[in-house]
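Please read all numbers here as calculations on a predicted model, not as lab measurements.
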Amino acid sequence: MSQYTLPKTYNFKTVEERLYEWWESNDYFKPRIEPGRQPYVISIPPPNVTGELHLGHAMFVAMEDLMIRYSRMRGIPTLWVPGTDHAGIATQLQVEKHLQEEEGITREELGREAFIERAWAWKAKYGGIITEQLRRLGASCDWDRERFTLDEGLSRAVREAFVRLYEKGLIYRGTYLINWSPGLRTAVSDLEVEYREEQGTLYYFKYPVTDSDEFIPVATTRPETILGDTAVAIHPNDERYRHLVGKTCRVPILNRSIPIIQDSYVDLEFGTGALKITPGHDQADYEIGQRHDLQVINVLNPDATMNANAGPYKGLDRYECRERLWADMQASGMTIKTEPYVLQVPCTQRGGEVVEPMVSTQWFVRMEPLAKPALEVVRRGDIQIVPERFTKVYYNWLENIRDWCISRQLWWGHRIPAWHCADCSEITVAREDPERCLHCGSTEIEQDPDVLDTWFSSGLWPFSTLGWPDDTEDLDYFYPTAMMETGYDILFFWVARMIMMGLEFTGQSPFHIIYLHGLVRDEQGRKMSKTLGNVIDPLEVMDEFGTDALRFSLLTGSTPGNDMSLGIQRVQANRNFANKLWNAGRLVLMGLEKAPDKLSDALEPTEADRWIKARLKLLMRDVDRLFSSHQYAEAGRQMYEFFWGEFADWYLEIAKLQLNAGGDRAWLTAETLVSVLDTCLRLLHPFIPYVTEELWGHLKHACQHHPAGYGPEDGWEEALIVARWPQPISWSEDDERAIERFTLIMDLVRAIRNLRVEKGVEPARRIAAIINSGDLTDLISAQRQAIAVLAGLDPEQLQVHESLETPPSDSVPLVVGSIEVYLPLAQMFDIDVERLRLTKELEAVKAQIKRLEDLLAGPFSERAPADVVQKERMKLSLLKETAIKLAGQLGVIG
RNA sequence: GGGCGGUUAGCUCAGUUGGUUAGAGCGCUGCGUUGACAUCGCAGAGGUCGUUGGUUCGAGUCCAAUACCGCCCA
């Protein structure tokens, strides 16, 4: 009876939570500070504090936890700093919605202070959910260092940063054209605006020239903006209207007089070739207006209704105004025509509601001086972006950067530390709340009502979370961080800004590698959205298949910077992999019991032992190479294939035999099993931490309770999470040969299996076989038992000969390389069928020979490297042997 | 308008610095249940690597052009 009766199926439900708590309570997530030693640090991309877990979170947690666990196992002081983001707009909207639903009141009715209190209460209530969910994913963050963008320390950092930038003249307040969201009643930055294609209309109408019967035909997609026009522009080369330049025309309905100007921005081909200029509500027009010193007229209220400048249309919603105005113009004969037109409608990234360009007084960050050093650090390689192609995207954005509108007319966020003086109208910006105006000493000062863009505080994240602006031990030791791992969709929003802020405030790049993962999509490659109903909830997936299965799917299914499709079937397959690991582990544990206490004599490893160890070495080497080039997915896939396709499918089958042989053979086999399994668990741990830790614990326990004392040379570590990462071991010729020799055995076994199936031999039936193995007789004889078991042969009736003078009759012949095999399946032997089969095979081999001979006769043998040529020569000679054997067998059949 | 990515098996995707008859998972077909695992095993079918041209002894891989799909920026 086994001492370790593990269940037949891996049950993640009884494992995950227990292990996570065990890891956390043993402080395995906490780094030791080892002065002089370079630590490995990742700052988590902080999720929205009241957000819900989605696959994007699962993706970054899986990736980062992989990197963190790998680093930790390598013995490097490793820190993953967790935290959450206050997410200004998102959270405020949630709280507002809740307020409306539960109490039927608006935030304005509640008042600013009370509202902020509610928001904090909301955060207190729901803020822990997301971090709990990150734990569930196995995130090995140091939770004692958890931060929140709106906590006291970070608020101080934000304030310090703001004041410094202001003092340097990099923050300014001014009245410019910005993106206004009427729905949210706040300004948003350029980045937060997305363009949506919509079917719209292009309206053609007449701009009457003052004191003349002439008119200029003009086209617009937004007729309501006519009310804010302050010029009509034509191209300098445009002959048609040249004579009108310098004259004025009259705004329809309002009859305001506006100039006719020339500007090369005007596209001669578009519309009528003349452009109405609305500096108050269009970016391009705004710039033209600046060039020509045009008046800026705002016709909109903050809620997107028309204001007094719209004259008779005052109070109407903008779309209603559009219709009415057009109808009025039609009535007075000023319209020409309309035609369908596809518009690019600006919308907010969040709500999706239409954004109106509008002139407004806001706070801005001057970006160019910050962008320059940020470009420089990437150019000189201090920061490397993976995949590399995003470097170009990054350059392009920074080289064409525009000033950043950082003020938001919200309540939930970092309040701008600026006070306006009622007496002198000057602004006081200060680290501590001032009592009086810095300019005139007046006490009649009031703090600016706006808060900062959420991304302003996120930009400080890698150092603010470590204590900046204070000179803390953490900041000193852990900063700059090593890796910034996140989705490419926030390269500008977040990553670029962190680099700029990091350089500005700390003088150092905040991290050295940027690894950008792709976005997770559904099986058809579509974005997941609630409206499409194709959202996969990671929590449900984990409930059904376990965390490891989800992690492994995300980690092996994606390549850097490329989107991935996640299918549930893939997760299921990986759940099966966890189970495969588990059962292979069970077999090893049971095998241990068959091993004697100690080795009685020196004993050579078997061919299979040598092979699996050599293959494992190759795997370690590949994994090392792949990890260092950030090809984590490929590394994971190779581990999977090695474990399942080689260790489980082949070695374990042979190991059963070797264990049953008992004695020293069993002892040595158990040792190999333990060693290979142990190494595999170490390699796989960063990918699938739970099942590996659990199984490793059993393995360790079993080994420690076995008198043989199997285990790693330096003994078993406390836990897999802190166990040593396997180091690639040197490669030798012997390893090469071990792989070649065993590969031949596998080929032989496979060939026999194929033939069995082809001949319809029942799987359970043991059949006889005669092998003529020539030079390889030593190898084949030594492996006869293994071959017999794997190929379903009867060991009693398995003959291995070095040469065979008279081949057996009535036997099905086959050739593997230079080895001949005869399966005496008399009743299934059909001479015609065999002849045909052998002839076909011979033809195929001959074709191969021809191909290689041609190749070697050509320039290949002179131009290609010697080892490549040699390889082909070897292949050719083996094929020739095969051909001879096949021809011989055909001759026998007659 | 500028830039980027994708196009490989029925589906979802891998594929080192170019090395010579292209891989995985799922799906499909056939067979198989007394001891690691049916969340499994054995075997099989299935691909002119979008198209065209080029470089090379050799191209899925490098270059150029082109088509389609998608993304980003303006």
Side-chain angles (χ1 to χ4, degrees), chain A residues 2 6-11 190-191 194-195 267 283-284 344 387 389-393 395-397 399-400 402 488-489 491-492 518-519 521-527 545-546 549 553 556-559 561-591 622 625-626 629 631 633-634 636-638 640-641 644-645 648-649 652-653 655-656 673 749-750 752-758 760-765 790-792 844 847-848 851-852 855-865 867-869 871-872 875:
Chain A
S2 171
L6 302 187
K8 282 178 78 164
T9 304
Y10 170 58
N11 185 357
D190 296 333
L191 274 181
E194 286 176 348
Y195 292 84
D267 181 355
Q283 185 62 43
Q344 300 288 321
R389 70 184 136 90
F390 281 99
T391 311
K392 207 167 161 184
V393 180
Y395 289 156
N396 200 273
W397 188 69
E399 280 162 359
N400 299 293
R402 309 217 320 241
Y488 64 79
D489 54 329
L491 179 62
F492 306 144
L519 312 180
R521 298 170 178 278
D522 76 355
E523 267 171 293
Q524 280 93 50
R526 298 174 304 180
K527 238 177 199 165
F545 300 109
S553 303
T556 57
S558 63
T559 41
N562 293 328
D563 294 352
M564 75 169 291
S565 308
L566 183 75
I568 210 68
Q569 285 184 318
R570 193 180 193 111
V571 183
Q572 194 174 348
N574 288 324
R575 182 270 318 263
N576 296 353
F577 178 53
N579 194 54
K580 189 75 184 180
L581 269 175
W582 184 254
N583 276 291
R586 288 177 64 218
L587 177 67
V588 172
L589 296 190
M590 291 180 208
D622 284 341
R625 172 179 61 82
L626 291 166
S629 56
Q631 295 179 270
E634 184 59 22
R637 282 189 290 265
Q638 292 206 13
Y640 178 105
E641 277 165 35
W644 201 319
D649 285 351
L652 289 186
E653 290 308 318
K656 288 177 193 169
L673 284 170
V749 168
R750 271 194 277 250
I752 297 172
R753 283 173 176 172
N754 287 356
L755 209 61
R756 290 176 59 110
V757 170
E758 210 176 296
V761 179
E762 308 81 51
R765 194 172 139 212
L790 294 170
Q848 283 294 311
R851 192 180 63 81
L852 282 181
L855 180 69
L856 288 163
F860 171 77
S861 46
E862 277 143 45
R863 303 284 204 97
D867 55 324
V868 175
V869 177
K871 224 169 92 185
E872 296 308 313
K875 248 192 239 172

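Candidate nucleotides B:rC26, B:rC37, B:rU39 were compared by shortest atom distance to the side chain of A:Gln569, and B:rC26 ranks first. Nearest nucleotide to the A:Tyr640 side chain, out of B:rU39, B:rA36, B:rG25: B:rG25. When distances are taken from the side chain of A:Asn583 to each of B:rC37, B:rC4, B:rC13, the shortest belongs to B:rC37. Candidate nucleotides B:rG19, B:rC40, B:rA14 were compared by shortest atom distance to the side chain of A:Val868, and B:rG19 ranks first. Distance from the side chain of A:Lys871 is smallest for B:rG19 among the nucleotides B:rU39, B:rG19, B:rC72. For A:Ala864, the side-chain atoms get nearest to B:rG19 when compared with the rest of B:rG19, B:rU12, B:rG32. Side-chain atoms of A:Arg389 lie closest to B:rG5 of the nucleotides B:rA36, B:rC73, B:rG5. Distance from the side chain of A:Phe492 is smallest to B:rC72 among B:rC72, B:rC37, B:rU12. Of the candidate nucleotides B:rU39, B:rA36, B:rG41, B:rG41 has the atom lying nearest to any side-chain atom of A:Asp649. Of the candidate nucleotides B:rG27, B:rG32, B:rA24, B:rG32 has the atom nearest to the side chain of A:Pro763.
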(message) Between A:Trp644 and A:Asn576, is the side-chain contact (heavy atoms from CB on, under 4.5 Å) condition met? List the steps.
(response) CA-CA 11 Å; A:Trp644 201 319; A:Asn576 296 353; 4.3 Å; yes
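With rounding to the nearest 0.5 Å, the separation of CG in A:Asn583 from NZ in A:Lys8 is 8.5 Å. A distance of 7.0 Å separates CE in A:Met564 from OG1 in A:Thr556, rounded to the nearest 0.5 Å. If you take CG on A:Leu856 and CZ on A:Arg851, they are separated by 9.5 Å, rounding to the nearest 0.5 Å.
Under the Watson-Crick and G-U wobble criteria, each requiring two contacts below 3.5 Å, nucleotide B:rA14 is left unpaired. Base pairing of B:rG1 is made with B:rC73, judged by Watson-Crick or G-U wobble geometry with both donor-acceptor distances under 3.5 Å. Applying the Watson-Crick and G-U wobble criteria (two distances, each under 3.5 Å), B:rG60 pairs with nothing in any strand. Under the Watson-Crick or G-U wobble criterion, with both distances below 3.5 Å, B:rU34 is left unpaired in every strand shown. B:rG47 is unpaired under the criterion used here, namely a Watson-Crick or G-U wobble arrangement in which both key atom distances are under 3.5 Å.
At the heavy-atom level, A:Glu653 lies under 4.0 Å from base atoms of the strands shown. Using a 4.0 Å heavy-atom criterion, one finds that A:Thr559 contacts the sugar-phosphate atoms exclusively. The residue A:Asn562 sits close only to the backbone: its heavy atoms come under 4.0 Å of sugar-phosphate atoms, none of a base. Base engagement by A:Ala648 is indicated by at least one non-hydrogen atom pair under 4.0 Å involving a base atom. Among the heavy atoms of the strands lying under 4.0 Å from A:Arg750 are primed sugar atoms or P, OP1, OP2 only; no base atom is included. A:Phe545 comes within 4.0 angstrom of nothing in the nucleic acid, heavy atoms only. Nucleic acid contact for A:Arg753: sugar-phosphate only, since backbone atoms but no base atoms lie under 4.0 Å from a heavy atom of the residue.
Taking atom P in both B:rU8 and B:rU61, one finds a spacing of 14 Å when rounded to whole Å. Taking atom C1' in both B:rG35 and B:rC40, one finds a spacing of 14 Å when rounded to whole Å.
To the nearest angstrom, C1' of B:rG41 lies 10 Å from NZ of A:Lys656. If you take CD of A:Glu762 and C1' of B:rC42, they are 14 Å apart, rounded to a whole angstrom. Straight-line distance from the CD atom of A:Gln631 to the P atom of B:rU61: 18 Å, rounded to whole Å. Between the CH2 atom of A:Trp644 and the P atom of B:rC37 there is a distance of 14 Å, given to the nearest Å. Atom CG in A:Leu852 sits about 16 Å away from atom P in B:rG58, given to the nearest Å.
Between A:Thr556 and the phosphate of B:rA14, there is no side-chain N or O to OP1/OP2 separation shorter than 4.0 Å. Taking only side-chain nitrogens and oxygens, A:Asn396 never comes nearer than 4.0 Å to OP1 or OP2 of B:rG2. Between A:Thr9 and B:rC37 there is no side-chain N or O to OP1 or OP2 distance below 4.0 Å.
For the pair A:Trp397 and A:Pro859, both in contact range of RNA chain B, the more 5′-proximal nearest nucleotide belongs to A:Pro859.
Using the six-membered ring where Trp is involved, A:Phe390 and A:Tyr488 have ring planes that are parallel, under 30° apart on the 30 and 60° scheme. In this structure, A:Tyr640 and A:Phe577 have tilted ring planes: the angle between them lies in the 30° to 60° band.
Residue A:Lys580 places a side-chain atom within donor-acceptor reach of the base of B:rC37, judged by atom type and a 3.5 Å distance cut-off alone.
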